[in-house]
Amino acid sequence: AAALPAARASLGQAQGGGTALVGTWTGEVEGIGGARLVITAVNPSGALEGRMEFDLQSFVSKFGDATDSGPNKTNQGMLSGSEVRIESALGGTYDLTLQGNLLTGTYVRGTTFRGKAAFRKS
């Protein structure tokens, strides 16, 4: 019974932050270039719905239940409080913090690359 209030608080954080996260975010990812996050919904679990779009080769990948670098090219994104983590279909992980109309943080690919990522809600 003690875990139930904690679970409800966590769910509330995902939903509350989720409302602020829904929309189009435009920005830059170091080492990749121009990018957009189009978040259409945040599930009660914190899972993101929508897609990522990259100017480089006009690449688009949707959010799904699991990362897939195969023909489906699916990212997996999760919101926890104000923290967003995206496992990319292209490889690598985005760790971003939601602060008002900004999403900022890092993009890490393996042990060889760590760059800045920043998006502004349009």
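Every heavy atom of this structure was used, including side-chain atoms; hydrogens, water molecules and symmetry mates were not.
- The OG atom of S88 lies 6.5 Å from the CD1 atom of I32; values are rounded to the nearest 0.5 Å.
- Here R36 pairs with E53, D55 under the salt bridge (Lys or Arg N to Asp or Glu O under 4.0 Å) rule; sequence neighbours left out.
- Of all the heavy atoms in A117 and Y94, the pair that sits closest is CB-CD2, 4.3 Å.
- Atoms OG1 and CG, on T26 and L37 in that order, are 8.5 Å from each other to the nearest 0.5 Å.
- Of all heavy-atom pairs between A89 and N75, the closest is N-OD1, 2.7 Å.
- Looking at heavy atoms from C-beta onward, L48 lies in side-chain contact with V84 at the 4.5 angstrom threshold.
- The two residues M78 and A47 have their closest heavy-atom pair at SD-CA, 3.5 Å.
- Judged as a side-chain hydrogen bond (donor to acceptor under 3.5 Å, both in side chains), and not counting sequence neighbours, E28 has no contacts.
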Extract all donor-acceptor atom pairs below 3.5 Å that involve side chains of residues 103-112 and protein atoms in other chains or at least two apart in sequence.
{"unit_1": "Y107", "atom_1": "OH", "unit_2": "G91", "atom_2": "O", "d": "2.7"}
{"unit_1": "Y107", "atom_1": "OH", "unit_2": "R109", "atom_2": "NH1", "d": "3.3"}

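- The closest side-chain heavy-atom distance from M52 to F59 is not below 4.5 Å.
- Not counting sequence neighbours, the partners of T97 by the side-chain hydrogen bond (donor to acceptor under 3.5 Å, both in side chains) test are E83.
- Looking at T74 and F63, their side chains never come closer than 4.5 Å, going by heavy atoms from C-beta outward.
- Summarising the geometry, atom OG1 belonging to T40 is positioned 5.0 Å from atom CD belonging to E49; distances are rounded to the nearest 0.5 Å.
- Criterion: ILVMFWY side-chain heavy atoms under 4.5 Å apart, direct or through other members. Under it, V38 and L56 are not part of a common hydrophobic cluster.
- For the pair I39/W25, a side-chain contact is recorded, criterion being any heavy-atom separation below 4.5 Å from C-beta on.
- In this view, T24 satisfies the side-chain hydrogen bond (donor to acceptor under 3.5 Å, both in side chains) rule with no residue, not counting sequence neighbours.
- Residues in residues 94-104 take part in these salt bridge (charged side-chain N to carboxylate O under 4.0 Å, His left out) pairs, two or more places apart or across chains: R85-D95.
- Under the 4.5 Å side-chain heavy-atom criterion for ILVMFWY residues, a single connected hydrophobic cluster contains both L90 and I86.
- Remark: side-chain polar atoms of E30 are not paired, donor with acceptor, to backbone N or O of G115 under 3.5 angstrom.
- The minimum heavy-atom distance between V22 and A41, with the atom names listed, is CG2-CA, 3.9 Å.
- Environment of NZ in K121: crowded, with over 12 heavy atoms of neighbouring residues, nucleotides or ligands closer than 6.0 Å.
- In this structure, the separation between CZ on R120 and CG on L102 is 4.5 Å, given to the nearest 0.5 Å.
- In this structure, OG1 in T93 is found 3.5 Å from CD in E87, a value given to the nearest 0.5 Å.
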